[in-house]
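Read through the structure below, which is laid out as structure tokens, and then see the notes.
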Amino acid sequence: MISAIAGLFGRLNGTALPHEPVTQGGAVLMVLSLLAVAAILTYFKRWKWLWKEWLTSVDPKKIGVMYIVIALLMLARGAADAVMMRIQQATSVGAHHGIISSDTFQQVFSAHGTIMIFFVGMGLMFGLINLVVPLQIGARDVAFPTLNAISFWLFASGMVLVNLSLVVGEFSAAGWLAYPPLSELKFSPGVGVDYWIWSLEVAGIGSLLSAINFITTIIKMRAPGMNLMKMPMFVWSVLGSLSLVAFAFPILTVTLTLLFLDRALGMHFFTAIGGGNPMMYVNLIWAWGHPEVYILVLPAFGVFSEIVPAYSRKALFGYTSMVWAIWAIVLLSFLVWLHHFFTMGAGANVNAFFGIMTMLIAVPTGVKIFNWLFTMYRGRVHFASPMIWFLGFVFLFTMGGVAGVLMAVPAIDFQVHNSLFLVAHFHTMIVTGVVFGFFAGITYWFPKFVGFKLHEGLGKLAAKLWIVGFVLAFGPLYILGLMGATRRLDHYDPSTGWQPLFIIAGIGVAIIVAGAAVQILQLVVSIIQRNENLDNTGDIWNARSLEWSTASPPPHYNFAHVPVVQSRDAWWVQKRGKKPQSQPYHSIKAPNNTASGVLAGAFSFVIGFGAIWHIWWLFGAGFLATILTVIIRSSSEDNEHTISAKEIAAIEGQRSYA
């Protein structure tokens with residue numbers, strides 16, 4: 001009887017609770033934070049409001065805000081992991097063994113990379129896409145509103161699984177890409193790798209569905225007159241990025257599934273001892289992994305392509321070449337994956353080909369940087385905080401790109417492979433190319449979606465702290481890599497002379513944390529002073545694209561009248577031409593809110609949790625419930641409501657426009 005009951009819970013038992021003080025503290029802090037949020041919602045009686053206005057919403061603007069909120073929370077979690085790693089590396093020398101054990105360090109290392117790529121970078125990207133793309137193409141909604149909600153809740157479900165590993169079980173210690181044989185059952189017998197697999201599996205499917213949705217939206221729902229070569233550059237960059245998602249993420253899904261089958265059912269796709277091939281996994285994971293870098297970077301490039309013209313008071317230089325550069329990057333990103341393992345012994349010819357392709361992909365990126373600089377040339381440049389982020393990006397990203405071209409030479413890569421030089425290069429590309437871009441974008445579009453500006457002085461200070469902190473945090477890692485310091489290093493001998501550089505790197509991380517603290521202060525001060533910084537025009541930056549033609553914040557239907565586009569920079573041209581005659585309002589069909597997204601996310605969490613702990617009845621129940629949720633929602637006929645012309649007139653009458 002006892003064994004039968006135990007079988008109902010698979011591998012889950014009392015030993016799953018955290019044992020190390022650091023992880024126990026993290027688990028307690030997370031639980032207390034959740035209880036505090038629940039208490040606040042209960043005290044202010046906001047549960048019903050939260051459910052109706054946010055959790056069940058299909059409005060892409062609200063979904064975008066929820067993506068960004070989760071991404072920023074996960075940024076805090078990932079930053080805490082980074083602080084722990086830097087303290088460990090600065091103090092774990094000789095007879096001193098730092099603040100955490102080697103095993104915990106490897107889990108922290110793996111969680112940091114996983115969180116930053118999948119739940120910070122992807123969350124910020126999809127957040128801005130949901131907020132901006134429908135407005136920029138003159139659409140009232142996305143092509144598939146319910147699917148958009150489901151995509152978000154799958155992303156949120158994956159996030160919950162990552163954080164649950166802190167409370168129940170453990171996280172992977174096999175690195176953020178979980179190479180076999182380390183990630184195989186023999187060397188990682190616990191549930192950590194399974195948490196990694198299923199958090200990415202669930203969130204990755206959500207990303208794929210979102211890509212399909214927005215590709216369809218961009219192709220089919222542009223405003224009348226907006227042909228492809230009249231689209232804003234941010235929309236082009238999103239189309240390129242999501243095309244990569246559509247081709248790359250199925251590779252990730254299949255790869256994770258094969259690894260799980262190896263671990264759960266004793267198959268041998270990647271176990272050499274059973275006839276499998278670990279290098280097949282490495283090829284597959286990087287066939288997804290290198291396009292993933294550009295999946296994240298391309299939308300940030302699009303953000304800069306909106307910001308630089310707006311603050312330079314000039315049209316974007318080289319529009320056509322920028323479009324071609326995006327698609328050159330899309331193509332070449334699939335032809336460089338092997339440079340991640342030049343040392344595998346593929347041969348000189350193979351290494352030479354991928355080395356040349358790696359150098360070649362720097363060309364379209366260079367085209368973009370020169371076009372942004374030429375846009376600024378002879379413009380009336382206003383160095384607002386988004387431009388500070390941009391200038392920091394240009395300098396640091398270029399330096400990181402030079403290091404990347406250096407590592408494209410196989411002979412040099414042999415020397416710095418798996419070293420902190422590589423870690424520094426990767427962070428230079430992702431932090432300055434993605435995080436800086438999205439902070440600039442959030443600052444730029446904040447008044448559009450919230451209704452007031454962020455405090456400018458604190459914004460500039462935060463950007464400068466991040467830039468200085470980044471140089472100090474990662475500059476020493478280039479030197480340490482050349483000195484022989486490897487990745488995943490949690491202890492070393494004092495004779496190496498590495499400790500001073502690790503201490504400087506730790507100081508850099510502290511300055512970045514100070515920059516993040518200033519951003520929090522910036523938000524608080526901006527809310528307090530919001531009446532002084534209201535956007536009463538809808539076009540607070542005198543910008544160029546269609547999102548600025550509607551009110552701030554926009555109504556949930558975006559446009560009372562769908563705009564007609566006659567040229568690039570449609571809003572810039574329209575506001576300088578003859579003012580259009582007023583038109584009568586007509587009723588608008590809008591999608592109803594639905595709980596389908598929340599339910600699909602919850603059931604996907606059940607699937608993942610059941611698979612992780614081998615609770616197979618729970619896995620099956622979650623899978624069946626997910627299918628039923630989709631079927632029930634798909635067969636429902638009560639999916640829309642009508643916003644009357646009278647209601648629209650009342651809403652529009654209360655709003656001010658540029």
Side-chain angles (χ1 to χ4, degrees), residues 9 12-57 62-63 65-84 99-100 104 107-108 111-112 114-116 118-120 123 127 152-171 191-192 195 198-199 202-203 513 516-517 519-521 523-524 527 595 597-610 612-613 615 618 622:
F9 295 97
L12 184 60
N13 55 52
T15 63
L17 296 176
H19 301 291
E20 192 161 322
V22 171
T23 52
Q24 287 175 338
V28 169
L29 180 62
M30 187 170 69
V31 172
L32 290 177
S33 299
L34 291 173
L35 291 175
V37 171
I40 291 169
L41 290 170
T42 303
Y43 180 80
F44 289 104
K45 299 179 180 179
R46 303 297 279 177
W47 283 106
K48 187 175 181 181
W49 164 84
L50 181 66
W51 177 259
K52 281 192 168 184
E53 294 296 323
W54 290 92
L55 301 186
T56 59
S57 178
K62 290 185 176 180
I63 290 174
V65 170
M66 290 191 289
Y67 266 116
I68 290 171
V69 168
I70 286 181
L72 293 178
L73 289 174
M74 294 300 279
L75 178 60
R77 162 77 198 275
D81 290 340
V83 169
M84 275 194 288
I99 60 170
I100 53 179
T104 300
Q107 291 185 46
V108 170
H112 173 76
T114 302
I115 285 168
M116 289 301 198
F118 287 93
F119 299 103
V120 176
F152 166 74
W153 285 106
L154 290 176
F155 170 82
S157 178
M159 177 274 297
V160 172
L161 283 172
V162 166
N163 287 288
L164 185 65
S165 67
L166 192 64
V167 180
V168 183
E170 61 185 3
F171 196 67
V191 296
Y195 265 114
W198 282 97
S199 61
V202 172
V513 171
Q519 287 176 295
I520 295 171
L521 178 64
L523 180 60
V524 172
I527 292 171
V598 181
L599 293 174
F603 294 141
S604 297
F605 168 81
V606 169
I607 292 172
F609 189 81
I612 289 163
W613 291 100
I615 309 174
L618 191 64

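Fair warning: this is a prediction, and the values are worked out from it, not measured in the lab.
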Side chains of residues 153-170: which donor-acceptor pairs under 3.5 Å do they make with residues two or more places apart or in other chains?
from   : atom 1 : to     : atom 2 : distance (Å)
Trp153 : NE1    : Leu55  : O      : 3.3
Ser157 : OG     : Gly601 : O      : 3.1
Ser157 : OG     : Phe605 : N      : 3.1
Asn163 : OD1    : Arg77  : NH1    : 3.0
Asn163 : ND2    : Met159 : O      : 2.9
Ser165 : OG     : Val162 : O      : 2.5

Original post:
Taking C-beta and beyond as the side chain, do Leu73 and Phe119 meet within less than 4.5 Å on heavy atoms?
Top reply: no
**OP:** Using atom types as modelled and distance alone, determine if a side-chain donor or acceptor of His112 lies under 3.5 Å from a backbone N or O of Gly78.
**Re:** yes
Subject >> Asp81 vs Met84, side chain to side chain contact (heavy atoms under 4.5 Å, CB included): CA-CA, chis, key distance, verdict >> reply: CA-CA 5 Å; Asp81 290 340; Met84 275 194 288; 3.6 Å; yes
**OP:** Could you give me the CA-CA distance, side-chain angles and deciding distance for Phe152 and Tyr67, then say whether side chain to side chain contact (heavy atoms under 4.5 Å, CB included) is met?
**Re:** CA-CA 7 Å; Phe152 166 74; Tyr67 266 116; 3.8 Å; yes
Original post:
For Leu34, which residues count as a side-chain contact (heavy atoms from CB on, under 4.5 Å) partner, sequence neighbours excluded?
Top reply: none
**OP:** Over all heavy atoms of both residues, which pair between Val120 and Leu75 is shortest? Give the atoms and the distance, please.
**Re:** CG2-N, 3.4 Å
Original post:
Given Trp198 and Phe609, is the side chain to side chain contact (heavy atoms under 4.5 Å, CB included) satisfied, shown in steps?
Top reply: CA-CA 8 Å; Trp198 282 97; Phe609 189 81; over 6 Å; no
Original post:
Taking atom CD1 of Ile612 and atom CD1 of Ile607, what is their separation to the nearest 0.5 Å?
Top reply: 11.5 Å
**OP:** Side-chain contact test, heavy atoms from C-beta onward, threshold under 4.5 Å: evaluate it for Ser33 versus Leu29 and give yes or no.
**Re:** yes
Subject >> Residue list, side-chain contact (heavy atoms from CB on, under 4.5 Å) with Val606, at least two apart or on another chain >> reply: Leu618
Original post:
Heavy atoms, side chains only, cut-off 4.5 Å: are Phe171 and Val108 in contact?
Top reply: no
Original post:
What's the shortest heavy-atom distance between Trp51 and Ala595, and which atoms?
Top reply: CZ2-CB, 3.7 Å
Original post:
Quick one: side chain to side chain donor-acceptor pair (under 3.5 Å) partners of Thr104, sequence neighbours excluded?
Top reply: Glu20, Ser101
Distance-only donor-acceptor pairs under 3.5 Å for side chains of residues 40-47, two or more places apart:
from  : atom 1 : to    : atom 2 : distance (Å)
Thr42 : OG1    : Ala38 : O      : 2.8
Thr42 : OG1    : Trp47 : NE1    : 2.9

**OP:** Working to the nearest 0.5 Å, report the span between OG of Ser604 and CG of Leu599.
**Re:** 10.5 Å
Original post:
Going through the distances and angles, do Glu53 and Lys48 end up as a salt bridge (charged side-chain N to carboxylate O under 4.0 Å, His left out)?
Top reply: CA-CA 8 Å; Glu53 294 296 323; Lys48 187 175 181 181; over 6 Å; no
